[in-house]
Amino acid sequence: MTATPTGTTADTDTITMREAFAARATALLDADPRLAVVLAEISTDLFEDAAAAHPQRVVNVGIREQLLVGAAGGLALAGLRPIAHTYAPFLVERAFEQVKLDFGHQGTSGVLVSVGASYDWAEGSSTHFSPRDVALFDTLPGWRVFVPGHAAEVPALLDRAVASDESAYLRLSLRHNAEPHGTRDGSLDVLREGSRATVVAVGPLLDNVLAATAGLDVTVAYTNTPRPLDTAGLRDLAARTGNTVAVVEPYLEGTSAAIVSGALADRPHRLLSVGVGREELRRYGTAADHERLHGLDAEGVGARLRAFLAAG
Amino acid sequence: MMLGMTATYEQTVDLARRSVADVRYPAVKTYTLDPIWVLYDRVLRIDPAHPDDPGRDRFLLSKGHGPSAYYAVLAAKGFFPADWLDGIAAAGSRLGAHPDATLVPGAEISSGSLGHGLPLAVGTALGLRATGITDARVFVLVGDAELDEGSNHEAIQYAGAVGLSNLDVIVVDNASGTIGWPGGIASRFAVNGWSTAEAAAADHDALHRSYTAPHPGRPHVTVASAVTDPH
């Protein structure tokens, strides 16, 4: 990532999203006797105090992801608000049938919180990459998806997820923007206005998008709440930018294409989807390396946007 | 006809036959009737008039295939009218070949995909404990072939390790698994610290003894053998 935190002024500049999540969840556990956290070894070190204070509501099931999600579903059946947390591919992909059947199909809901994102632990490579997660949630009814771009965005998003009676997926990453952004209600946060296109940046790719669009006559709008996407806001912005839209998202390229296309179905429009490629790179290195390899660094995003605008 | 709490076992058997839902499982689909009947008739503290009482006992039918016996018992105990049993799995029926908890009064979970009920039961038992409801019990019924699913073994290991004493599993064993369980089903639970008992699936008193046997500090499994269909 091109942007690293500078001029640190807030605690959240120096902690990770995962640490911000654990701290907020711990506070919520203290305040809400109906909240429970289920872990599968991952992040147990961050929940030691919470587990000591609430041993019956902070549960580590070991490396058992089917049970992680199933037990969370059972807690919901018993009237609790469960948070299940582990590494993204094991939470969403390994246990996807549990995600599908153990909440919504039961008439209940839960909160899933992942770490790892698309390529956070690049040294670990594909087994720990989860670029497909948001696309999978799009196959299920009713899930909210939160993709914070900064640790300081995490507490409010967790609060929204926990307070809702709908299911929610909170996707945490080590990738982040220099500063927090976003709106309280999840509507698009317009950071720059232009005329040739609306560029929607999701979560931690915002700083790359801002750098990539410097000097381009485009609107840049940020969201950390891609589901439900603020399609009303997007329609308004698109109408003012020639119905030309680009979506830059830190997971599988095209994940939001159907939703954006559907939102603009009543008018001729152009859509560019920029995201993580489908191919398996079989590379190690750093997350920044993978961001560049997928064309998601500022240079790569800028090249895609300029070609898109030139083609219009 | 609403039978209410007055239906006899024999009437419930008739209801189960009336409700046979799936041609893939002809008469044998009532082999779970006795284990479920004994639970609802003699053990569970559930009031059909208040099926959402937070302090109620729970019964989770994990093995959702062939739910005729389950529907029959729920009807016999007054959770819904017995005439719902006619036309099961028709487009307008609330009762399908797999139960949907959002459609069936008294059904605690939607099931049909194997291996979900036991982990859900673990979570429910944890949740009851966490909310201070210490006298409610969670029963879950699985089939012997359903135990093939690895998700069950994650739950069996964990529940045994943490001594989840408000959890009771009933394995109805009709030897339907292809590979089976050399050394016995109960041994898979025992090695993980569970209390175990075996009973013939048609022996109501033996089932009742197992369901009510004290098992402080650990979960309990009843392996109910139904190798020959009693009906």
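The backbone N or O of A/Trp143 lies less than 3.5 Å from no partner atom in the side chain of A/Arg227, so there is not a single donor-acceptor pair. Formation of a donor-acceptor pair under 3.5 Å by the B/Tyr40 side chain with backbone atoms of B/Ala76 is not found in this model. Judged by distance alone, the side chain of A/His128 and the main-chain N or O of A/Tyr119 form no donor-acceptor pair under 3.5 Å. Listed for the B/Asp57 side chain is a donor-acceptor partner under 3.5 Å among the backbone atoms of B/Arg45. In this structure, B/Thr124 contributes its side chain and A/Gly74 its backbone to a donor-acceptor pair below 3.5 Å. Using a distance-only test at 3.5 Å, with no hydrogens or angles considered, no donor-acceptor pair links the side chain of B/Glu198 to the main chain of B/Ala224.
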task = Kindly determine whether A/Glu65 and A/Leu91 satisfy side-chain contact (heavy atoms from CB on, under 4.5 Å), including the steps that lead there.
result = CA-CA 6 Å; A/Glu65 286 86 9; A/Leu91 180 66; over 6 Å; no
ask   = Going through the checks in order, is the side-chain contact (heavy atoms from CB on, under 4.5 Å) test met by B/Ile170 and B/Val172?
value = CA-CA 6 Å; B/Ile170 303 155; B/Val172 179; 4.1 Å; yes
task = Show your reasoning for whether side-chain contact (heavy atoms from CB on, under 4.5 Å) applies to B/His208 and B/Val43.
result = CA-CA 8 Å; B/His208 181 255; B/Val43 179; 3.8 Å; yes
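Heavy atoms from other residues, nucleotides or ligands lying under 6.0 Å from CG of B/Leu103 number more than 12. In the displayed structure, A/Arg94 atom CZ is contacted under 6.0 Å by at most 12 heavy atoms of other residues, nucleotides or ligands.
By a heavy-atom distance cut of under 4.5 Å, B/Gly150, B/Ser151, B/Glu154, B/Ala155, B/Gln157 are the residues of residues 140-157 of chain B near chain A, going up by number. Within residues 113-122 of chain B, the residues having any heavy atom under 4.5 Å from a heavy atom of chain A are, by residue number, B/Ser113, B/His116, B/Pro119, B/Leu120, B/Val122. Listed by sequence position, the residues of residues 157-171 of chain A in contact with chain B number zero, using a 4.5 angstrom heavy-atom cutoff.
Residue A/Leu75 touches chain B through both its backbone and its side chain, counting heavy-atom pairs closer than 4.5 Å. Heavy atoms closer than 4.5 Å to chain B are found in both the backbone and the side chain of A/Glu97.
Among residues two or more places apart in sequence or in another chain, the salt bridge (charged side-chain N to carboxylate O under 4.0 Å, His left out) test is passed with A/Arg278 by none.
In this model, a donor atom of one side chain and an acceptor atom of the other lie less than 3.5 Å apart for B/His215 and B/Asp168. Counted by atom type alone, B/His50 and B/Asp53 present zero donor-acceptor pairs between their side chains at under 3.5 Å.
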